[in-house]
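Report on the following structure.
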Amino acid sequence: MKPTIRTLSLHELEVLIDWAAAEGWNPGLEDAAMFQAADPSGFIGAFVGNEMVAAISAVAYGREFGFVGLYICRPDKRGKGYGKAVWNAGMDRLSGRTIGLDGVAEQQANYRRKGFEPAYETIRYSGRAAGPAVRADGLRTVTTQLVPDIIAYDASCFPAPRRAFLQRWLQAPHHGLAAISSRGTTGYGVARPCRSGFKIGPLFADSIHTALQLLHGLAGACEGGDLHIDVHAENAGFIEALEAAGFAPTFKTTRMYKGPAPELGLQRLFGVTTLELG
């Protein structure tokens with residue numbers, strides 16, 4: 001039966017997040033509402049009758065960049081073309097933009113056939129910030145007054161503006177910290193409570209030292225819970241520091257782009273925001 005393709009309601013997006021949890025993706029506790037803020041029309045489902053059978057996120061960040069994720073077909077409905085239907089709808093929605101995704105190893109050949117090329121590898125490190133804390137001078141809890149500065153800093157670290165998303169992402173129950181110096185904002189990080197532990201992301205900073213300050217500060221805000229952070233694989237110094245603090249690699253993906261890869265320096269990228277939205 002040919003499915004109906006349409007935008008998801010918030011409740012339907014919550015169902016998709018539950019599917020992601022069933023796949024072992026460990027989503028955040030408030031992901032549905034916070035993700036929807038990025039692009040209310042960016043979550044697409046395939047429906048047979050009143051049943052959602054497949055879905056995808058295809059979030060447009062302006063006219064130049066988009067990102068796909070949360071690409072799931074219900075296990076009992078696989079092999080019927082429903083996944084392909086939502087994929088095509090997502091690609092159509094983001095047509096004309098550079099499109100990013102984070103692909104697991106077993107899907108990379110499939111994404112290459114669809115026109116995506118690898119840009120860099122990401123490794124998830126999990127653990128707790130053991131060992132001596134890094135001195136945390138200049139860290140401030142993100143408040144409403146700091147949000148404009150965070151949005152401006154983020155614009156130098158992410159391929160496109162995402163004001164609406166950050167205004168929601170920086171709110172409770174997430175924990176946000178900013179590093180402030182006489183030069184202004186030098187980094188920021190967010191910890192979001194998940195089904196298991198906390199994910200750190202984004203973690204953007206001018207230096208490894210500032211990134212470690214933020215990480216330890218966020219660990220304190222998470223009160224000893226397990227932390228998970230997706231790190232650029234070539235960031236050897238930061239990875240060495242994570243391993244020294246007791247973190248271990250648990251999962252690996254590859255950032256891929258269809259279209260010209262964003263011309264954005266990766267030196268400030270210490271933790272990816274999310275694998276679902278970029």
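In this text, all values refer to a predicted model and were calculated from it rather than measured experimentally.
Shown here is E234, whose CD atom has no more than 12 heavy atoms of other residues, nucleotides or ligands within 6.0 Å. The 12-atom threshold is exceeded at NZ of K77, counting heavy atoms of other residues, nucleotides or ligands nearer than 6.0 Å. A 6.0 Å sphere centred on NZ of K252 holds no more than 12 heavy atoms belonging to other residues, nucleotides or ligands.
T122 has its side chain out of reach of H232: every pair of non-hydrogen atoms, C-beta onward, lies at least 4.5 Å apart. At a threshold of 4.5 Å between non-hydrogen side-chain atoms, the residues Q167 and V147 count as touching. Side chains of R112 and M256 form a contact here, defined as non-hydrogen atoms less than 4.5 Å apart. The closest side-chain heavy-atom distance from V190 to L203 is not below 4.5 Å. By the 4.5 Å heavy-atom criterion applied to side chains, P159 and T98 are not counted as neighbours. Using a 4.5 Å heavy-atom threshold, the side chains of D206 and R183 count as touching. Counting only heavy atoms from C-beta outward, the side chains of F43 and I56 never approach each other to under 4.5 Å. Annotation: side chain of Q267 is not in contact with side chain of N235 (no heavy-atom distance under 4.5 Å).
Rounding to the nearest 0.5 angstrom, the gap separating the CZ atom in F35 from the CD1 atom in I17 is 5.0 Å. Separation of atoms CD1 (I200) and CG (L177) is listed at 9.0 Å; rounding is to 0.5 Å. Here the straight-line distance linking atom OG1 of T273 with atom CG of D230 works out to 10.0 Å at 0.5 Å rounding. How far OG of S57 is from CZ of R93: 10.5 Å, rounded to the nearest 0.5 Å. To the nearest 0.5 angstrom, N26 atom CG is 9.5 Å from D31 atom CG. Going from atom CG of L139 over to atom OG1 of T186 covers 8.5 Å, rounded to the nearest 0.5 Å.
Of the possible donor and acceptor atoms, none in the side chain of R97 sits under 3.5 Å from a partner among the backbone N and O of G259. Looking only at distances, no side-chain donor or acceptor of D102 sits under 3.5 Å from a matching main-chain atom of T253. A distance-only check finds no donor-acceptor pair linking the side chain of E23 to the backbone of W19 [under 3.5 Å]. The main-chain N or O of G187 is never found under 3.5 Å from a side-chain atom of T185 such that the two would form a donor-acceptor pair.
Taking all atoms of both residues into account, the shortest heavy-atom contact from A191 to C222 is CB-SG, 3.6 Å. The two atoms that bring D39 and A58 nearest to each other are OD2-O, 3.9 Å, heavy atoms only. What you find for V59 and A38 is that their closest heavy atoms are CG1-CB, 4.1 Å. Here the closest heavy-atom approach between residue R195 and residue A21 is recorded as NH1-CB, 3.3 Å. In terms of heavy-atom proximity, F238 sits nearest to L215 at CZ-CD2, 4.4 Å. Between L277 and F158 the shortest heavy-atom distance is O-CZ, 4.1 Å.
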Criterion side-chain contact (heavy atoms from CB on, under 4.5 Å) on M52 and V15, from CA distance to verdict: CA-CA 9 Å; M52 186 166 73; V15 172; 3.8 Å; yes
Decide yes or no on side-chain hydrogen bond (donor to acceptor under 3.5 Å, both in side chains) for D154 and Y188, but give the supporting numbers first. CA-CA 9 Å; D154 187 83; Y188 85 99; 2.6 Å; yes
Worked check of side-chain contact (heavy atoms from CB on, under 4.5 Å) between L8 and I44: CA-CA 6 Å; L8 301 185; I44 301 167; 5.8 Å; no
I'd like to know whether F247 forms a side-chain contact (heavy atoms from CB on, under 4.5 Å) with I239, so could you lay out the CA-CA distance, the side-chain angles of the two residues, the decisive distance to 0.1 Å, and finally the verdict. CA-CA 9 Å; F247 286 75; I239 286 173; over 6 Å; no
Step-by-step salt bridge (Lys or Arg N to Asp or Glu O under 4.0 Å) determination, K199 to D226: CA-CA 8 Å; K199 287 182 180 175; D226 288 333; over 6 Å; no
Might you work through the side-chain contact (heavy atoms from CB on, under 4.5 Å) test for R268 and Y153, ending with a clear yes or no? CA-CA 10 Å; R268 290 177 169 173; Y153 187 86; 3.6 Å; yes
Quick one, R74 with E51, criterion salt bridge (Lys or Arg N to Asp or Glu O under 4.0 Å). Give me CA distance, side-chain angles, the key distance, then yes/no. CA-CA 10 Å; R74 219 172 73 187; E51 283 190 281; 3.1 Å; yes
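In this structure, R113 forms no cation-pi arrangement with Y111, as its terminal cationic atom is not both closer than 6.0 Å to the ring centre and no more than 45° off the ring axis. Note that R192 lies outside the cation-pi zone of F198, set by a 6.0 Å cut-off to the ring centre and a 45° limit from the axis.
A centroid separation of 6.0 Å or more is found between the aromatic rings of Y61 and F165. The distance between the ring centers of Y82 and W87 does not fall below 6.0 angstrom.
Using cut-offs of 30° and 60° for the angle between ring planes, the F67 and F65 rings count as tilted.
Linking ILVMFWY side-chain heavy atoms closer than 4.5 Å, directly or via other members, places M91 and Y257 in two distinct hydrophobic clusters. Both V272 and L266 belong to a common hydrophobic cluster when Ile, Leu, Val, Met, Phe, Trp and Tyr are linked at side-chain heavy-atom distances under 4.5 angstrom. Both V86 and I99 belong to a single network of hydrophobic side chains, linked directly or stepwise wherever heavy atoms of I, L, V, M, F, W or Y lie under 4.5 Å apart. Hydrophobic clustering, with ILVMFWY side chains joined whenever heavy atoms are under 4.5 angstrom apart, groups M34 together with F204. There is no path of hydrophobic side-chain contacts, each under 4.5 Å, that joins L227 to W169.
A salt bridge links E12 with R6: at least one charged nitrogen is closer than 4.0 Å to a carboxylate oxygen.
Taking the side-chain hydrogen bond (donor to acceptor under 3.5 Å, both in side chains) definition, one finds that H228 meets it with S126, sequence neighbours left out.
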